Participant: 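If you scroll down you'll find the structure; I have some questions about it.
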Protein chains: 2
Amino acid sequence: MTKPLILIVDDEPQIQRFLGHALAASGYDTCFAATGQGALEAVAAQKPDAMILDLGLPDLNGKAVIETLRAKSNLPIIVLSAHDQEMEKIMALDLGANDFVAKPFGIGELLARLRACLRKAPQPEDILRQGPLVIDLPGHTVTRDGAPVHLTPTEFDLLVMLARNPGRVLSHRQILLQIWGPAHGEDVPYLRVFIGQLRQKIESNPSAPDLIRTEPGIGYRWMAD
Amino acid sequence: MTKPLILIVDDEPQIQRFLGHALAASGYDTCFAATGQGALEAVAAQKPDAMILDLGLPDLNGKAVIETLRAKSNLPIIVLSAHDQEMEKIMALDLGANDFVAKPFGIGELLARLRACLRKAPQPEDILRQGPLVIDLPGHTVTRDGAPVHLTPTEFDLLVMLARNPGRVLSHRQILLQIWGPAHGEDVPYLRVFIGQLRQKIESNPSAPDLIRTEPGIGYRWMAD
DNA sequence: CATGATCTTTACGCAATCCTTATGCCGGGG
DNA sequence: CCCCGGCATAAGGATTGCGTAAAGATCATG
């Protein structure tokens with residue numbers, strides 16, 4: 001697990017610096033934007049794990065930023081505002097902000113709220129990890145203990161489907177429908193073969209699997225931590 | 001979709017009434033508790049969709065309430081406190097509270113935060129609990145005192161059928177028809193065997209069962225609290 | 001067209017689960 | 001006191017479901 005990246009959106013350089021130092025000291029990576037437009041670009045380019053957004057921006061209204069982001073992502077957003085007006089809070093929260101802190105704020109409170117937001121907003125990750133295994137979705141590659149693992153396309157799809165549902169049981173039927181298409185909902189033997197091949201390639205001890213566990217009569221489950 | 005049920009935990013009757021009316025007017029159902037102990041019981045009994053918790057309670061510290069609840073549920077919790085102390089906020093949020101509102105608060109802000117909380121916890125998890133036992137329906141998983149319990153498919157189905165009808169007697173015939181199908185309505189011996197195996201696995205003292213009680217000549221009953 | 005990789009299909013050994021029956025316990029009634 | 005019905009538990013054989021290997025089919029590639 002790498003350090004969470006926090007995007008700070010504020011047009012006052014002093015506040016940028018202040019927040020930047022405080023967050024860095026608490027173990028976060030940071031990046032910055034000074035305008036609403038810049039914020040949207042930074043989100044797209046850097047894919048931060050959370051955003052701290054000052055409502056008082058020069059160009060776009062901060063609320064427009066929230067609205068735009070919410071249309072396509074559930075990035076945790078903490079709103080910062082000079083005005084301790086109730087109306088501000090209500091509107092920001094209703095637009096989809098996750099939390100609200102009024103200036104002047106205590107850095108401790110901000111950090112606590114940030115932790116609370118990060119704790120319960122696990123966005124769909126691009127990189128899945130489980131023990132020694134790393135699955136790079138955009139790169140379409142899998143490595144174990146740093147060594148690349150060669151998977152056929154079907155094996156890869158199957159692995160991704162499992163790893164995206166950690167701890168949950170996926171039924172034979174569910175998996176077959178998603179990977180092999182609507183015509184093969186009953187072809188359980190395919191599944192068995194491919195699960196076997198996957199285990200050979202990714203389990204440290206294929207005969208005592210602890211990543212892909214089988215649920216007799218039901219399906220398979222990807223083990224969470 | 002029925003109205004969300006909000007549990008209000010406060011020891012001051014005026015505040016209870018005030019919040020009750022405000023929430024009712026906004027389309028929520030409400031229930032109340034005046035103590036920390038009462039809050040825990042109310043959560044178990046009424047299964048509310050969210051909780052508004054005053055930290056200044058007569059018995060348990062409010063923080064202990066949060067901690068206890070977080071051990072087994074992710075019920076949205078909004079903390080209410082007379083002290084606008086930063087430390088209070090930090091601790092409450094870190095323990096797992098979802099949000100924090102300082103008294104005196106505007107009812108509009110409280111409602112907005114409540115909506116924000118409910119919006120992102122829309123999944124009433126299908127998790128049944130009874131004493132030390134936790135049955136995770138979507139996860140197809142059972143744990144006792146945190147330790148996983150291995151159940152065969154039939155055992156699991158049987159347990160779920162019982163636990164879904166707490167306090168009610170299910171007749172031999174009813175159970176056999178549902179679990180074994182229409183052809184086995186009279187095969188009471190099957191049932192006895194599987195009830196026995198279930199008790200071995202989930203009862204703390206299998207020879208003096210207090211989860212699955214026998215109703216001689218009738219059937220079995222899952223004991224409620 | 002030849003080659004190698006991937007996918008489909010089948011078969012078989014093995015373990016988990018289920019079915020079935022037998023035995024023993026307990027409480028009530030003769 | 002003994003008998004009997006309803007229950008719990010143990011134990012065996014039958015069945016189902018799983019994992020693996022291996023052979024044929026299909027596809028992309030050069």
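Only a predicted model underlies this, so the values are computations on that prediction, with no experimental measurement involved. Letters A, B, ... mirror the listed sequences (proteins, then strands); counts begin at 1.
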Participant: Find the distance A:Asp187:CG to D:dG17:C1' and express it as a whole number of Å.
Facilitator: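 Interatomic distance, CG of A:Asp187 to C1' of D:dG17: 16 Å.
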Participant: Which residues satisfy the side-chain contact (heavy atoms from CB on, under 4.5 Å) test with A:Asp187, sequence neighbours excluded?
Facilitator: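 Partners of A:Asp187 under the side-chain contact (heavy atoms from CB on, under 4.5 Å) test: A:His184, A:Tyr190.
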Participant: Which is true for B:Phe194 with a 4.0 Å heavy-atom rule: it touches a base, it touches only sugar-phosphate, or it touches nothing?
Facilitator: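 Sugar-phosphate: the residue B:Phe194, judged by heavy atoms under 4.0 Å, touches backbone atoms but no base.
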Participant: Roughly how many Å is it from CD1 in A:Ile179 to P in C:dC7, rounded to a whole number?
Facilitator: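 So the two atoms are 11 Å apart, to the nearest Å.
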Participant: Rounded to whole Å, how long is the line connecting atom CD of A:Glu215 with atom C1' of C:dT17?
Facilitator: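 From A:Glu215 CD to C:dT17 C1': 14 Å.
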Participant: Check whether any side-chain heavy atom of B:His172 sits under 4.5 Å from a side-chain heavy atom of B:Tyr220, and report yes or no.
Facilitator: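 Of all side-chain heavy-atom pairs linking B:Tyr220 with B:His172, at least one is under 4.5 Å.
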Participant: With sequence neighbours excluded, what pairs up with B:Arg168 under the side-chain hydrogen bond (donor to acceptor under 3.5 Å, both in side chains) test?
Facilitator: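 B:Arg168 satisfies side-chain hydrogen bond (donor to acceptor under 3.5 Å, both in side chains) with B:Asn165 once adjacent residues are dropped.
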Participant: Side chains of A:Phe194 and A:Ile179: does their closest heavy-atom pair fall under 4.5 Å?
Facilitator: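 No, side chains not in contact.
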Participant: Specify the separation, in whole Å, of atom CD1 of A:Ile212 and atom P of D:dC18.
Facilitator: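 After rounding, the gap between these two atoms is 15 Å.
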Participant: Within residues 148-157 of chain A, find the residues that approach DNA chain C with a heavy atom at under 4.0 Å, and present them sorted by residue number.
Facilitator: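 Heavy-atom cutoff 4.0 Å gives A:His150, A:Thr152, A:Pro153, A:Thr154.
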Participant: Is a side-chain donor or acceptor of A:Arg129 paired with a backbone partner of A:Val134 at a separation under 3.5 angstrom?
Facilitator: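 Checked: no pair found.
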Participant: A:Phe156: what forms a ring-ring contact (aromatic ring centres under 6.0 Å, His included) with it, not counting sequence neighbours?
Facilitator: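 With neighbours one apart ignored, the set is A:His140.
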Participant: How many whole angstroms separate atom NZ of B:Lys201 from atom P of C:dA16?
Facilitator: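 From B:Lys201 NZ to C:dA16 P: 12 Å.
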Participant: So does B:His172 get a side-chain nitrogen or oxygen closer than 4.0 Å to the phosphate oxygens (OP1/OP2) of D:dG6?
Facilitator: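 For D:dG6, neither OP1 nor OP2 has a side-chain N or O of B:His172 closer than 4.0 Å.
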Participant: Starting at atom CD of B:Glu186, determine the distance to atom P of D:dG6, rounded to an integer number of angstrom.
Facilitator: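 One finds 14 Å between P of D:dG6 and CD of B:Glu186, rounded.
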Participant: Figure out the CG/P separation between B:Leu191 and D:dT9, and round it to whole Å.
Facilitator: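 So the CG-P distance, B:Leu191 to D:dT9, works out to 13 Å.
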Participant: State which residues pass side-chain hydrogen bond (donor to acceptor under 3.5 Å, both in side chains) with B:Ser204; sequence neighbours excluded, sorted by chain then number.
Facilitator: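 Result, side-chain hydrogen bond (donor to acceptor under 3.5 Å, both in side chains) vs B:Ser204: none returned.
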Participant: How does each nucleotide of nucleotides 24-30 of chain C score, in 5' to 3' order, for protein heavy atoms under 4.0 Å: base (B), sugar-phosphate only (S), or none (-)?
Facilitator: -------
Participant: Could you pull out all residues at least two apart from B:Phe32 that satisfy ring-ring contact (aromatic ring centres under 6.0 Å, His included)?
Facilitator: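 Expected list: none.
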Participant: For C:dC18 and B:Trp180 - does any side-chain N or O of the residue sit under 4.0 Å from the phosphate oxygens OP1/OP2?
Facilitator: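 Negative; the distance criterion is not met.
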Participant: Quick one: which protein N/O atoms are closer than 3.5 Å to N/O atoms of nucleotides 19-26 of chain D? Pair and distance per line, please.
Facilitator:
unit_1	atom_1	unit_2	atom_2	d
D:dG19	OP1	A:Arg199	NH1	2.6
D:dG19	OP2	A:Tyr220	OH	2.8

Participant: Can you sort out the partners of A:His21 under ring-ring contact (aromatic ring centres under 6.0 Å, His included), two or more places apart, ordered by chain and number?
Facilitator: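 If we apply the ring-ring contact (aromatic ring centres under 6.0 Å, His included) test to A:His21, skipping adjacent residues, there are no hits.
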Participant: In chain order, what residues pass the side-chain contact (heavy atoms from CB on, under 4.5 Å) check against A:Arg173, with sequence neighbours excluded?
Facilitator: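 Only A:Ser171, A:Leu177, A:Glu186 meet the side-chain contact (heavy atoms from CB on, under 4.5 Å) criterion with A:Arg173.
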Participant: Each nucleotide N or O in nucleotides 28-30 of chain D that has a protein N or O under 3.5 Å away: list the pair and distance.
Facilitator:
none

Participant: Quick one about A:Arg199 and A:Thr214 (side-chain donor to acceptor, distance below 3.5 Å, no hydrogens or angles considered), yes or no?
Facilitator: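 No.
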Participant: Could you state the CD-P distance from B:Glu203 to D:dT9, rounded to the nearest angstrom?
Facilitator: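 Nearest whole value for this atom pair: 10 Å.
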Participant: Donor-acceptor pair, distance only, cut-off 3.5 Å: does the side chain of A:Glu203 make one with the backbone of A:Asp210?
Facilitator: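 Yes.
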Participant: Determine yes or no for a side-chain-to-main-chain donor-acceptor pair under 3.5 angstrom, with B:Arg144 supplying the side chain and B:Leu133 the backbone.
Facilitator: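 Such a contact is absent between B:Arg144 side chain and B:Leu133 backbone.
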Participant: Looking at residues at least two apart in the chain, or sitting in another chain, which of them share a side-chain hydrogen bond (donor to acceptor under 3.5 Å, both in side chains) with B:Asp99?
Facilitator: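 Checked B:Asp99 against side-chain hydrogen bond (donor to acceptor under 3.5 Å, both in side chains); matches are A:Arg113, B:Arg113.
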